[in-house]
Amino acid sequence: MNVYDSDKIAQGLDPLGYRLTDSPDKADMIIVNTCAIREKAVQKVFSYLGRVAGLKQARPNLIIGVGGCVAQQEGERVLKRAPYVDLVFGTHAIGRLPSLVDRIEKKRQRVVDVEMGTRIEESDGAVVPRGETEVSRFLTIMHGCDNYCTYCVVPYVRGRESSRWPDHILAEIQDLVDNGVREVTLLGQNVNSYGQKEGLPDFTALLEKINDIDGLKRIRFTTSHPKDLSANLIAAFGRLDKLCQHIHLPVQSGADTILKRMNRNYTSAQYLDKINQLRTICPDIAITSDIIVGFPGETEQDFAATLDLIETVGYDGLFAFKYSDRPNAPATQFSEKVAERDMDERLQKVLELQETITLAKNRSLVGQTQEVLVESYRLKPAGGNGGTGSGQWTGRTSTNKIVHMPADEAPQGQAGNIGPGSLIPVLIKKAFAHSLWGLPDGSGARTAIGPKGESSHAA
Ligand code: SF4
């Protein structure tokens, strides 16, 4: 979501004459778009601000802004803690950014805007791709969250749930497709409740409309709350041809007592039932999840239930985190905090277990042909680290697994086109924990992978 917001920020500043640069040393303005989901992320913000403070000393006209969830959470306190910051703008203030910057430029005032409304107003037009080879883009379809999980800061820093109008979403996707995008990932804290508050067509109906957009090849979404994952949405995996075979379904814990304290509103049995329904409709669907270890009161037995659930589901991948107290989140007040050392050990166990499962799942794909959407081409440096001076294409399977295709080992004698945006069959030859390695399938491929880079290949 912050990637999408950053694009919106850049788009909003464009009419004021600001263009993206690749180095803070060249910048007239530095915007730090922040995340408050864990304490460590907040610490990183202030440590980064400390590093850019020297630039402000050297160039007093440099504008330093802080946006996103830390800005929303800390407000004026950011100015006190980092006196060289000119601008603090919250999650609902992105649309107001041009006028805030205008005030700073004209009056050299320090500005704080962390006002939150019930809706985030739409800004005009799509955020168009930054480069001609950008194939896949994020797109926010709803803001905020009403679920109030007890560990989570999102409802306090992103506000109450609100959905964007479908015609704005569809127009934005059409714009992206017209600019070469072939895959969109629809973003919301709980996409399954899309449109309910506003009385709009539901999320599955939105997916159906997006599926009809010519030129778009793939649709992904994240995140779906398990309690709200509807039979209708599960069925969509069986019938919408552009909907990728992957769902991110955060479980957080395998212990029902912990799920209750987290206010997640499902049991592990109900969660597993949804997994079964998904696999009945779409046997090859990849399932990923989030796990929090060391939630207050989590016993060894609770943690063992989480490990059991991970094995039972057999996830394709996991994002696992140690519990972290967050301002305003009710769990901050919970007693029975788990010791840091125990959290470290539990996290390690989860990561090791998942790595074994992921590797086994990836290895099971060796010898299979997977459809891959090609995203990029990278020239490997010659010499050292096994580099050959040739390049490799990289893309993803429908199940969201990264596939590398080394150019110098492509089959001889094939001709045709490959490039960012190509959807090609790839024979998987090797599997690693975090990626696959394959070659365009000779039987179906019309193309050789050339060594010259994307500019010499048509998409
Ligand atoms: S559903 Fe997700 S975003 Fe909403 S409160 Fe729970 S964890 Fe936070």
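Atoms within each ligand, like the ligands themselves, are counted from 1 in listed order.
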### Message
Could you check whether atom CZ of Arg363 has more than 12 heavy atoms from other residues, nucleotides or ligands sitting under 6.0 Å from it?
### Response
no
Note on atom 8 (Fe) of ligand 1: protein N/O/S atoms within less than 2.8 Å are Cys152 SG
* Asked: Could a heavy atom of Arg264 be found less than 4.0 Å from some atom of ligand 1?
  -> yes
- Message: Tell me whether the count of non-hydrogen atoms from other residues, nucleotides or ligands lying under 6.0 Å of CD in Gln43 goes above 12.
- Response: yes
Check ion pair Lys242-Glu183 (N to O, under 4.0 angstrom): no
Across all chains, not counting sequence neighbours, the salt bridge (Lys or Arg N to Asp or Glu O under 4.0 Å) partners of Glu340 are Lys322
Tell me whether Gln109 at atom CD has more than 12 heavy atoms from other residues, nucleotides or ligands lying less than 6.0 Å away. yes
For His225, the ligand 1 atoms with a heavy-atom partner under 4.0 Å come out as 1 (S)
Handout entry: Flag if over 12 foreign heavy atoms under 6.0 Å of CZ, Phe319
Key = no
Close side-chain approach of Leu249 and Tyr271, heavy atoms under 4.5 Å | yes
